[in-house]
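Input: a single structure, listed below in structure tokens.
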Amino acid sequence: MDFIDKITGAKLSRRSFILASAAATASLSLAGCGSSLTQATADQAADKEGKWITAACWHNCGGRCLNKAYVVDGVVIRQKTDDTHPDSPDYPQQRACVRGRSQRQQVFGADRLKYPMKRKNWEPGGGKKELRGRDEWVRISWDEALDSIAGEIKRIKSEQGNRAFFADGGPAAKVLALYGGYVANWGTTSLGSWTYTPGPVGFSSSSGDSINDRLDMRNCDTVIMFNMNPAWSSAGNPVYHFLQVKKAGADFIAIDPFYNDSYGLLEADWIPTRPATDTALMIGVAHTLIVEDDPVKNPLIDWDFLKKYTIGFDADSMPPGTDAKDNFKDYVLGTYDGVPKNAEWAAEISGVAPDRIRYLARAMNKNKKVALLYAWSAGRTQNADNLPQMAMILGAMTGHMGKSGHMCGVSCHSGAANGGDTLVSPGKNGLPTVDNPVKDSINHTEMWRAIVDGKYNFTGNKKFLKGEMKDIDIRLIYHDNNARLQSADGMTKGIEAHRKVDLVVSHGQFLTTNAKYSDFVLPVTTEWEKIGGFLTGNREMLIMYSQITEPLYEAQSDEWIARELAKRLGVDASKAFPIDAKQQFFNQIAGSTVILPDGKTAAPLVTITAEDIAQWGVQGKPQQGQISLKEFQEKGLYQIERKPGDNYGYIAFKDFCDDPEANPRPSASGKLEFYSQV
Ligand code: SF4
């Protein structure tokens with residue numbers, strides 16, 4: 001009996017039938033197999049002892065939670081979450097949400113891609129390209145799929161050269177790089193204008209270095225949240241951390257078009273706005289700060305902070321060689337254009353009443369301990385280029401940076417509610433970097449248009465500067481690492497691009513939008529079928545997950561596919577993958593580090609013995625760490641136990657505020673720039 005038969009065809013005893021019935025609502029049938037996982041798992045549970053194994057949750061939601069799967073004889077019976085230590089606000093368990101806890105329904109879902117497929121009307125050169133997305137699929141062997149793809153790659157290269165290949169950057173792209181190169185892509189739809197605006201103005205796009213750590217946030221009087229919903233978007237611990245801030249006495253104010261679960265939980269004072277009007281609202285707030293501030297009777301602005309750490313606020317602080325009239329203050333007051341950007345002006349645009357705008361300005365005054373927190377979401381609209389700069393300006397005007405209880409920055413994804421350097425990290429896997437000889441790289445916002453129109457804006461390494469238009473003629477789209485067609489802007493134009501080129505290939509676990517518009521679809525393994533890996537992002541802990549199940553159906557790893565393509569293209573795959581997956585995983589374990597209780601010293605995390613190395617069958621050296629390899633694997637988690645007053649706290653921008661000369665910001669002036677010449 002092979003593995004698939006085992007998990008789908010276990011004999012149904014009377015006892016297992018009862019268990020199966022009880023579990024029926026929590027399990028999912030494997031369509032077309034004449035049995036179900038529910039029956040199989042219940043049957044196994046009735047007869048055998050199993051083992052809890054740490055299982056990956058790869059949704060990248062920002063939660064970063066511990067998931068465990070109970071595996072009996074290779075079959076997953078049920079899941080649970082973190083119970084490695086008692087839960088407390090300072091040292092919380094990493095509890096998974098329902099999506100993570102039901103991940104087995106995804107891994108064993110009936111909609112998994114089971115074998116390689118090609119589009120029925122595909123033929124060399126593309127065949128009926130207009131049928132991409134609505135053609136029928138034909139099951140084929142791995143050899144037929146890989147031979148056909150490699151044959152087309154060779155043909156396209158001989159006719160058009162390597163600038164005709166467009167790829168994501170995964171393992172197959174490494175092989176294309178060894179084969180002469182490919183056109184890459186850059187940018188991120190997730191961050192929007194937070195991708196490149198913060199750097200040139202001296203700010204930051206990440207929670208990691210722009211907000212204080214979660215224990216320090218409890219010192220805030222007021223937390224002002226712009227367009228955030230961590231209860232949905234980072235469903236692990238971030239909202240739990242915010243709840244501790246509320247319990248410590250902070251008020252919450254929320255600026256958002258929608259009232260959401262996070263605001264409800266935190267009893268936030270909601271200020272509803274029109275979508276995509278945040279920049280205008282913030283300028284109106286700045287106007288109120290300027291006109292109402294009185295350093296003696298009504299101190300709202302931190303003038304010392306402005307003088308010491310910023311440029312461009314007023315005519316006196318403009319950089320040399322610029323027109324002094326272009327300063328921020330005179331723009332806001334309307335000194336030269338006759339349009340004061342006051343609360344009434346901002347109200348017209350944002351829909352927020354003028355008295356609420358003035359209330360917001362007063363709520364962030366310099367004498368209170370305030371957190372100004374932003375999510376990336378508002379930067380994902382048109383004309384939001386200045387939004388991150390305005391976010392920084394409000395924090396700089398009110399001096400909410402560089403001090404305990406004061407902060408201004410991004411709070412979302414894996415760093416939501418908890419800023420600071422990473423304290424526990426995995427090591428490198430030992431794979432070399434492969435140089436891509438083709439230097440073209442297209443921004444996500446224009447990649448589909450570029451493929452359709454044959455032109456794009458080349459920016460080289462200075463990605464936030466204006467570039468030069470270049471011709472491009474893409475013939476191959478290779479998706480081996482991402483879900484660009486469904487997750488990047490402009491799906492309609494993307495479909496047009498996919499129907500234009502000669503060949504589209506997708507690796508996938510499911511028939512994603514990428515896959516639907518492809519000629520060849522290659523089934524790949526999930527994280528549960530791989531030897532293991534790490535979940536990073538939460539600064540205080542590192543999750544190490546292990547293999548849960550054998551590869552299902554005919555699925556193969558992305559790296560296996562890349563190696564097979566390399567063989568057919570006549571390139572040496574060992575230049576990209578000189579070591580196997582097990583050695584890569586072991587290298588990461590051996591290279592893991594943790595910051596010791598002094599808050600400064602990085603030390604090896606895992607103790608590895610000569611017996612461990614022999615048992616794994618890998619190359620390595622014994623080492624002393626903080627946790628044995630066996631215990632780390634069994635627990636699946638190494639988490640630092642935080643306590644108030646420990647050395648793991650973090651105050652964002654403190655280095656800069658303590659010594660701006662020695663620790664300049666990444667702007668041209670090294671300061672926070674209200675006026676940027678970039
Ligand atoms: S919150 Fe995110 S990381 Fe945590 S279990 Fe849910 S989906 Fe997975």
Side-chain angles (χ1 to χ4, degrees), residues 26-28 52-71 76-85 87 89 91-109 111-112 188 190-191 206-208 214 228-244 260-262 264-266 375-377 410-418 422-426 482-483 486-487 509-510 512 525-530 532-549 635-640:
S27 295
L28 189 69
W52 285 105
I53 302 175
T54 303
C57 182
W58 63 88
H59 290 298
N60 196 24
C61 75
R64 304 299 189 259
C65 314
L66 187 70
N67 268 287
K68 297 242 177 186
Y70 190 65
V71 183
V76 177
I77 306 296
R78 58 183 174 272
Q79 281 185 249
K80 70 174 181 180
T81 187
D82 190 4
D83 56 2
T84 54
H85 62 268
D87 185 66
Y91 186 40
Q93 294 175 343
Q94 305 301 318
R95 293 188 192 171
C97 75
V98 287
R99 184 162 68 157
R101 293 189 203 202
S102 58
Q103 190 119 28
R104 67 190 185 284
Q105 298 186 8
Q106 191 174 357
V107 176
F108 301 108
D111 51 353
R112 277 289 298 271
T188 153
S190 294
L191 272 72
S206 112
S207 317
R214 63 186 175 90
M228 297 170 62
N229 188 7
W232 282 20
S233 59
S234 303
N237 273 337
V239 171
Y240 186 60
H241 299 330
F242 279 126
L243 214 45
Q244 309 316 315
N260 61 44
D261 287 348
S262 304
L265 184 76
L266 298 166
W376 295 322
S377 52
V410 169
S411 170
C412 66
H413 199 236
S414 57
N418 194 17
T422 302
L423 302 171
V424 203
S425 318
N482 228 303
Q486 67 222 59
S487 61
Q509 294 155 356
F510 308 93
T512 59
T525 45
T526 66
E527 294 304 306
W528 282 28
E529 293 145 76
K530 295 178 184 168
F534 291 91
L535 198 57
T536 60
N538 180 327
R539 69 185 294 255
E540 295 168 16
M541 57 95 190
L542 182 64
I543 289 174
M544 180 171 82
Y545 53 84
S546 299
Q547 185 168 11
I548 300 297
T549 181
K635 274 190 170 173
L637 170 81
Y638 186 90
Q639 183 177 349
I640 285 178

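Remember, it's 1-based here, ligands and their atoms both numbered in the order they're listed. Just so it is clear, the values below take in all heavy atoms, side chains as well, and ignore hydrogens, waters and symmetry mates.
Inspection of the D83 and Q93 side chains reveals no N or O donor paired with an N or O acceptor under 3.5 Å. N67 and Q103 form no side-chain donor-acceptor contact under 3.5 Å, judged by distance and modelled atom types alone.
The side chain to side chain contact (heavy atoms under 4.5 Å, CB included) search around Y91 returns H85, S88, Q639, E641, not counting sequence neighbours.
The nearest pair of heavy atoms linking E540 to L423 is CG-CD1, 4.3 Å. For the residue pair R95 and D82, the shortest heavy atom distance occurs at N-CB, 4.5 Å. Looking at every heavy atom in both residues, M544 comes nearest to T54 through O-CG2, 3.5 Å.
Near ligand 1, heavy-atom contacts under 4.0 Å come from C57, H59, C61, G63, R64, C65, N67, A96, C97, R99, G100, A235, G236.
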